[in-house]
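Everything numeric here is computed off the predicted structure, so don't read it as measured data. The sequence lines fix the lettering, A, B, ..., with proteins before strands; numbering per chain opens at 1.
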2 protein chains.
Amino acid sequence: MKKQLLVVDDDPDILKVLKANFELYGFDAVTAANWAEAHDILNNQLPDIIILDLMLPDSDGIQICRLLKDQYPRIPIIMLTAKDSVFDKVMGFESGADDYIVKPFETLELIARIRACLKRTMPVDSTIVINNLEVNFSAHTVKVKGKEIELTPKEYELLHLFITNRGEVISRQFIRKKIWRESEIYSWSRVIDVHIQHLRHKIEKNPSEPEYILTVSGAGYKFRQ
Amino acid sequence: MKKQLLVVDDDPDILKVLKANFELYGFDAVTAANWAEAHDILNNQLPDIIILDLMLPDSDGIQICRLLKDQYPRIPIIMLTAKDSVFDKVMGFESGADDYIVKPFETLELIARIRACLKRTMPVDSTIVINNLEVNFSAHTVKVKGKEIELTPKEYELLHLFITNRGEVISRQFIRKKIWRESEIYSWSRVIDVHIQHLRHKIEKNPSEPEYILTVSGAGYKFRQ
DNA sequence: TAATTTGTGTAAAGATTCGGTAAAAGTGTT
DNA sequence: AACACTTTTACCGAATCTTTACACAAATTA
């Protein structure tokens with residue numbers, strides 16, 4: 001699964017070069033030229049990481065970073081800036097940045113740092129065992145009681161999302177942003193529930209009394225610890 | 001709880017300065033002058049993070065990093081080195097480093113990067129404990145005397161509101177604005193009281209003599225400090 | 001002091017919403 | 001066309017919310 005980056009920079013040339021490079025290295029890059037655009041994007045989809053230029057035309061980068069960390073605490077942020085003083089760096093980190101890169105920078109270093117960042121947030125590529133459930137994300141296989149089962153793409157994405165956020169409540173809103181991204185779904189649509197149902201039938205012993213995918217009334221779903 | 005750093009560097013002067021600085025900033029720093037010493041320390045205790053100089057006298061830093069990541073994959077590593085080429089940086093990250101800092105560096109920046117690294121690796125357990133009550137807002141769970149209880153959405157929202165405004169008197173007016181928002185409720189409605197009652201039955205030992213949700217006659221309710 | 005008003009606690013009934021579910025319809029691929 | 005997968009639709013029952021009615025205590029008034 002391609003990791004999605006949100007790149008926010010006001011210089012269209014830099015944006016173009018970065019986007020091209022990121023895609024060359026296997027990322028899915030979404031770009032925004034200012035805070036307003038970035039905000040719009042975040043309303044419909046949640047990237048895996050944000051690359052944030054500090055010199056945006058319509059707002060103060062440090063404030064934006066605080067705001068982002070407040071609203072989306074799990075998304076790592078890499079700051080890109082021309083300011084290289086220790087003071088600025090410390091400010092950047094204190095406003096919640098996960099890394100801070102001074103311009104001009106080498107694309108390869110940026111890529112390496114993005115990977116390092118993502119590695120931290122999305123751990124373990126080996127097999128995860130939860131009770132009777134075995135999931136191997138690198139091999140893309142799911143076993144129930146040692147027996148391999150087949151999941152459709154959507155079901156697999158759902159399971160992936162659940163396991164990477166195990167123990168936390170996941171709202172339908174969050175699921176929609178992460179899995180359906182910009183594609184349109186009516187707010188009243190029951191698609192998510194239907195896929196949950198399918199997934200439950202495949203992994204739960206008794207789908208009406210689920211032990212893995214628990215529903216949290218009024219909030220969403222939660223994968224058991 | 002102080003975070004423990006393991007600092008590995010062959011220059012005793014740098015080691016001394018770093019240790020003093022780290023302790024000034026509230027870390028517990030353990031030092032090693034070479035790989036052998038570091039290895040000994042790791043046999044007895046696991047630090048929260050490793051600061052690794054790449055130019056050790058008795059071994060190759062990149063190899064060490066790989067070895068460390070293999071044996072202690074959860075401990076983040078920050079590389080410290082004089083090599084500033086992109087090639088070296090990428091090598092560093094590929095061998096598993098979580099951050100890479102080029103010498104000479106500012107101590108404040110190093111501190112900021114250590115903090116950023118720790119923040120990413122150590123997910124904070126956001127459980128709030130009040131007497132016999134344990135609430136975890138990210139897991140959306142409430143425990144009374146260690147036993148998990150189920151709350152309906154409205155009950156949960158109420159509890160959330162109370163805990164985030166703990167110790168303050170909360171008027172019904174305020175509750176209505178915060179929880180019922182735009183939905184219309186008659187001003188004489190007793191909904192709020194009814195939900196309070198339900199909540200009390202679930203979290204109070206003796207609902208008629210509440211110890212958490214206290215009634216402030218004529219004003220509203222107050223959650224105990 | 002007695003009567004009245006006000007504020008809150010509480011049980012139970014009625015109303016509404018939400019989530020589970022089956023089946024049909026839509027979409028795209030081979 | 002057959003197939004696999006996704007999405008919509010419609011319905012049901014249970015969970016949840018709201019109203020209602022009354023009880024009771026404290027405060028206020030006569």
Side-chain angles (χ1 to χ4, degrees), chain A residues 140 142 149-162 169-176 178-223, chain B residues 140 142 149-162 169-176 178-223:
Chain A
H140 210 275
V142 182
I149 60 166
E150 302 268 337
L151 294 185
T152 70
K154 279 281 185 308
E155 287 160 10
Y156 185 81
E157 279 187 272
L158 263 178
L159 186 62
H160 184 89
L161 190 65
F162 274 125
V169 172
I170 299 184
S171 67
R172 284 155 221 276
Q173 158 97 326
F174 182 80
I175 295 175
R176 194 170 53 76
K178 271 295 194 187
I179 298 184
W180 274 263
R181 302 194 168 181
E182 76 282 8
S183 78
E184 293 158 33
I185 282 184
Y186 299 110
S187 57
W188 60 85
S189 168
R190 313 296 309 281
V191 221
I192 293 173
D193 306 59
V194 173
H195 283 294
I196 294 278
Q197 181 203 3
H198 293 161
L199 193 48
R200 275 180 173 157
H201 269 91
K202 291 187 180 176
I203 68 173
E204 302 279 5
K205 195 193 302 177
N206 179 4
S208 53
E209 273 183 44
E211 54 172 334
Y212 299 111
I213 304 173
L214 314 171
T215 103
V216 182
S217 182
Y221 298 95
K222 178 169 79 170
F223 206 84
Chain B
H140 208 275
V142 181
I149 59 166
E150 303 263 338
L151 296 185
T152 70
K154 280 282 187 305
E155 287 160 10
Y156 185 82
E157 279 188 273
L158 265 177
L159 185 62
H160 185 94
L161 190 64
F162 275 125
V169 175
I170 298 182
S171 69
R172 282 155 223 274
Q173 161 93 329
F174 183 73
I175 294 174
R176 170 139 19 96
K178 280 290 193 182
I179 298 184
W180 273 263
R181 300 160 191 270
E182 76 289 355
S183 80
E184 291 161 30
I185 280 184
Y186 300 112
S187 57
W188 61 82
S189 169
R190 311 293 311 283
V191 226
I192 293 173
D193 306 60
V194 173
H195 283 296
I196 295 278
Q197 181 204 2
H198 293 161
L199 192 49
R200 275 179 173 156
H201 268 92
K202 290 187 180 176
I203 68 174
E204 303 279 5
K205 195 194 299 177
N206 179 5
S208 55
E209 274 183 43
E211 54 172 334
Y212 298 110
I213 303 173
L214 313 171
T215 302
V216 182
S217 189
Y221 298 95
K222 179 171 84 169
F223 205 83

Interatomic distance where [atom1] belongs to [X] and [atom2] belongs to [N] [whole Å]:
X: A:H195; N: C:dG20; atom1: NE2; atom2: P; value: 14 Å
X: B:I170; N: C:dT8; atom1: CD1; atom2: P; value: 14 Å
X: B:I175; N: D:dT18; atom1: CD1; atom2: P; value: 13 Å
X: A:K154; N: D:dT8; atom1: NZ; atom2: P; value: 11 Å
X: B:L151; N: D:dC17; atom1: CG; atom2: P; value: 10 Å
X: B:I192; N: C:dT8; atom1: CD1; atom2: P; value: 11 Å
X: A:R172; N: C:dT17; atom1: CZ; atom2: P; value: 16 Å
X: A:L199; N: D:dT6; atom1: CG; atom2: C1'; value: 15 Å

Subject >> Angle by which the axis turns from one end of the helix from C:dT1-D:dA30 to C:dT30-D:dA1 to the other, five pairs per end, to 10 degrees >> reply: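 The value is 40°.
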
Tabulated below should be each protein N or O lying under 3.5 Å from an N or O of nucleotides 22-30 of chain C; please produce it.
residue : atom : partner : partner atom : Å
C:dA22  : OP2  : A:Q197  : NE2          : 3.0

Original post:
Nearest of D:dT19, C:dT10, D:dT20 to any side-chain atom of B:D193?
Top reply: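 Out of D:dT19, C:dT10, D:dT20, the nucleotide with an atom closest to B:D193's side chain is C:dT10.
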
Original post:
So does A:S189 get a side-chain nitrogen or oxygen closer than 4.0 Å to the phosphate oxygens (OP1/OP2) of D:dT7?
Top reply: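 So the side chain of A:S189 is outside the cut-off, no N or O lying under 4.0 Å from OP1 or OP2 of D:dT7.
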
Original post:
Within less than 4.0 Å of OP1 or OP2 of D:dC17, is there a side-chain N or O belonging to B:T152?
Top reply: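 So the side-chain polar atoms of B:T152 do come within 4.0 Å of the phosphate oxygens OP1 or OP2 of D:dC17, strictly under.
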
Original post:
Looking at B:P153 and A:G218, what are the two nearest heavy atoms and their distance?
Top reply: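 Here B:P153 and A:G218 meet closest at CG-CA, 3.6 Å.
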
Subject >> Which atom of A:K222 lies closest to which atom of A:V169, heavy atoms considered >> reply: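 That would be CD-CG2, 4.0 Å.
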
Can you find a heavy atom in the side chain of [X] that is under 4.5 Å from one in the side chain of [Y]?
X: A:L159; Y: A:F223; value: yes
X: B:L161; Y: B:F174; value: yes
X: A:R172; Y: A:D193; value: yes
X: B:W180; Y: B:K154; value: yes

**OP:** Answer yes if the side chains of A:Q173 and A:R176 hold a donor-acceptor pair under 3.5 Å, and no otherwise.
**Re:**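 There is such a pair between these side chains.
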
Original post:
With no hydrogens and no angle check, do the side chains of B:R200 and B:T215 hold a donor and an acceptor under 3.5 Å apart?
Top reply: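 Note: B:R200 and B:T215 side chains meet the donor-acceptor criterion.
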
Subject >> Residues within residues 202-223 of chain A bordering DNA chain D, heavy-atom distance below 4.0 Å >> reply: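 Heavy-atom cutoff 4.0 Å gives A:S217.
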
Atom pairs, protein N/O to nucleotides 10-14 of chain D N/O, distance under 3.5 Å:
none

Could you tell me whether the side chain of [X] and the main chain of [Y] form a donor-acceptor pair under 3.5 Å?
X: A:E204; Y: A:I213; value: yes
X: B:E155; Y: B:T152; value: yes
X: B:K202; Y: B:I149; value: no
X: B:E211; Y: B:K205; value: no

Original post:
Across the strands shown, which category fits B:W180 at heavy-atom distances under 4.0 angstrom: base, sugar-phosphate, nothing?
Top reply: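 Answer is sugar-phosphate: B:W180 comes under 4.0 Å of backbone atoms only.
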
**OP:** Please identify each residue that fulfils ring pair (Phe, Tyr, Trp, His ring centres under 6.0 Å) with A:Y156, with sequence neighbours left out.
**Re:**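 Here the qualifying residues are A:H140.
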
**OP:** Return the set of residues passing ring pair (Phe, Tyr, Trp, His ring centres under 6.0 Å) with A:F162 (not counting sequence neighbours), or none when no residue passes.
**Re:**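 Not a single residue meets the ring pair (Phe, Tyr, Trp, His ring centres under 6.0 Å) criterion with A:F162.
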
